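To start, the structure under review is shown below, and the notes come after it.
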Amino acid sequence: MKKILLSLFAMMLAMCAAAEDGHQLWLRYDTLNQAKVSANRHSPTIDIAVNELKTFASGQQITLKIDRSLPDDEGFNLQTDSKQRIVISARRDIGLLYGAYSLLERQHLSAANGQCQLSSVPARNAPYYNLRLLNHWDNLDGSIERGYAGESIFEWFHLDKNLIKEYARANASIGINGSVLNNVNASPKILTTDYLNEIKTIADILRPYGIRVYLSINFASPMALGDTPTADPLDSGVAAWWKKKADEIYRLIPDFGGFLVKANSEGQPGPGDYHRTHAEGANMLADALQPHGGIVMWRCFVYATNHVGEDRVMQAVSEFKPLEGQFRSNVILQTKNGPLDFQPREPYSPIFDQMKLTPNMVELQITQEYLGQSRHLVYLGPLWQEFFSFVNPKSLRGIAGVANIGKDRNWCGHHFSQANWYAFGRLAWNPFEESEDIARDWVALTFANGKQSNLEVLVTLMQNSREACVNYMMPLGLHHIFEFDHHYGPCPGGTRPDVPTVWCPAHYDQADSLGVGFDRTTTTGTGATAQYREPYAQMYNSLETCPEELLLWFHHVPWTYRMKNGQTLWQNLQAKYNEGVGEVDRMIYIWQQLRPQIDDQRWREVNDRLQHQLENAREWRNVCLDYYGSFAEKSAKE
Ligand code: GCU
């Protein structure tokens with residue numbers, strides 16, 4: 001009897017251990033302890049690689065080899081030798097760790113590669129970008145700006161080292177090599193010695209996983225901390241303060257990456273407060289970091305400071321274009337993919353066309369601020385791939401993603417939001433990958449649990465989910481018609497006396513009895529189309545050639561305008577909203593069919609969220625069609 005009870009207890013324990021709460025992300029490997037692994041060198045990084053393979057690789061002989069003749073990057077070679085042993089070789093230790101994760105992923109994917117048609121696993125040998133960064137918008141009090149998955153995993157003065165290690169491992173497994181730990185709306189306190197000591201602890205945990213730590217800084221820090229009477233970048237006392245601060249940081253964290261700066265934007269201080277340029281501000285910081293090899297990532301998300309009245313989407317180019325050639329070599333501009341603000345669909349930001357001499361990196365938003373947050377299933381791979389179809393990856397110096405990670409057990413709030421973290425890492429490693437292939441791998445790694453499965457429908461569901469979101473929220477180029485502040489629900493035509501016009505939906509949809517949309521043409525509008533390179537400048541400028549998916553972004557269009565399919569604009573708008581809702585209905589149908597194939601907890605949690613998404617999608621459609629209909633139908637009667 002005792003024996004039976006004991007074995008029952010053991011079974012229960014095993015079941016608990018296997019609880020599918022999503023915490024394991026895409027790293028759902030069984031402990032096998034089969035592989036014989038050797039390495040020709042030892043280091044904390046190589047030791048992690050050896051351990052991962054010993055524990056999780058299937059029974060093989062695996063050799064890890066540091067080979068100084070290989071290219072000096074973070075890449076690796078993965079080969080089988082004449083005796084069928086696997087050899088992973090790399091110039092740097094981190095290359096071996098990346099090689100180890102790649103091997104584990106390949107093994108897992110081939111196990112799942114049954115009826116589910118997997119793409120051939122891409123040969124991921126060396127990363128395309130040196131800078132593959134997560135940007136955490138985490139505040140010092142544990143809250144996260146635009147965070148939808150609980151509190152920050154960086155709990156200052158009570159750091160959960162295990163959690164941070166798990167975070168490091170997940171990032172290393174997809175090749176992310178830098179973390180900006182705090183919000184771009186930065187507290188000056190992050191630079192005080194107490195916090196720097198904590199940051200050192202984090203850096204020490206992340207380092208063996210190849211991840212460098214960076215910080216967002218408040219431009220007025222020396223003044224805000226009471227050390228200088230000004231924050232003027234040309235003041236010698238201010239420059240000296242930053243140099244000393246940089247020295248202090250590097251004493252603690254020798255491989256510190258650098259600073260990310262939001263200056264003169266949305267109330268943040270900056271060089272403009274002293275009539276200095278962004279270049280003067282960035283260069284002062286760059287000079288402080290330069291002796292240590294650090295960089296400054298200077299954000300181009302600026303508007304409404306000295307450009308009052310100018311179309312918001314044009315202001316970054318107006319501000320930065322005249323500064324071409326004036327930045328130090330360790331300054332990189334960091335620009336959001338679109339010129340407005342992470343909308344479900346935007347045209348690309350024309351600053352990528354305009355700045356030829358200054359390196360630029362793209363900032364993508366993994367957290368779904370404007371795409372249903374952690375409540376909606378929206379796979380962002382297609383959105384990012386769309387960006388790369390307009391902006392040549394070659395023209396960029398790096399890639400940053402605003403993280404969607406929090407303390408929620410499943411890290412991201414929604415099980416499918418994990419796919420966006422994963423896809424970001426994959427695209428940072430190789431921006432030419434197809435979002436569909438990435439989705440297919442993620443599905444196999446996350447839901448097939450190393451077994452054969454038939455989950456291809458999920459890949460299609462994910463691929464369609466972004467367009468569905470565009471359609472039920474803001475089709476045909478509509479934008480920024482969100483509820484104020486939290487950016488969750490619909491608020492077409494919204495205004496608020498206490499809110500500047502450039503933040504009001506009414507400013508963006510411009511709906512009236514004649515039509516809807518923002519005229520950005522050079523003939524009758526703001527002229528934003530002229531900031532694009534050809535052929536886009538002309539294409540966007542003309543109503544006839546502007547892609548319909550961006551029509552209302554660039555044009556104010558009559559309700560009765562004939563679309564390419566013969567419908568009027570108003571009819572087409574209704575059709576699009578209905579299509580969006582219909583797609584969510586279909587997502588639910590597919591998810592219902594998959595019930596036998598998905599573990600209970602994750603199935604239920606996703607199902608709940610899908611039901612919620614459907615309610616929200618209907619609300620978006622109804623509110624928007626009511627509002628726009630009030631104009632469109634009036635215009636039809638006139
Ligand atoms: C958006 C977002 C803010 C954020 C800002 C930024 O406006 O809503 O929360 O601070 O972008 O990127 O700086």
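We're numbering straight along the sequence, starting at 1. In listed order, ligands and their atoms are each counted from 1. None of these values were measured; they are calculated from a predicted model.
Remark: side-chain polar atoms of Asn283 are paired, donor with acceptor, to backbone N or O of Ala279 under 3.5 angstrom.
Glu369 and Gln365 are linked by a side-chain donor-acceptor pair at a separation below 3.5 angstrom, with hydrogens and angles left out of the test.
Looking only at heavy atoms of the protein, atom 1 (C) of ligand 1 is closest to Asp341 OD2, 3.0 Å. Among all protein heavy atoms, the one lying closest to atom 4 (C) of ligand 1 is Glu145 OE2, 3.5 Å. When hydrogens are left out, the protein atom nearest atom 13 (O) of ligand 1 is Lys262 NZ, 2.6 Å; that is the closest non-hydrogen contact.
At least one cation-pi condition fails for Arg520 and Tyr540: the charged atom is not both under 6.0 angstrom from the six-membered ring centre and inside a 45 degree cone around its axis. Cation-pi geometry between Arg621 and Tyr577 is not met: the NZ or CZ atom fails to fall both under 6.0 Å from the ring centre and inside 45° of the normal.
Ring planes of Tyr370 and His487: parallel class, angle under 30° (limits at 30 and 60°).
No part of Asn183 comes within 4.0 Å of ligand 1, judged by heavy-atom distances. Of the heavy atoms in Asn185, only side-chain atoms (C-beta onward) come closer than 4.0 Å to ligand 1.
Below 4.0 Å from some heavy atom of Lys336 lie the following atoms of ligand 1, by number and element: 1 (C), 5 (C), 6 (C), 11 (O), 12 (O).
Residue Glu369 has at least one nitrogen or oxygen atom sitting less than 3.5 Å from a nitrogen or oxygen atom of ligand 1, judged on distance alone. For a threshold of 3.5 Å applied to N or O pairs, the pair formed by Trp137 and ligand 1 contains no separation below that value.
The option with the heavy atom closest to atom 5 (C) of ligand 1, from among Gln334, Gln365, Glu266, is Glu266.
Using 4.0 Å as the threshold, Gln268 has no heavy atom nearer than that to any atom of ligand 1.
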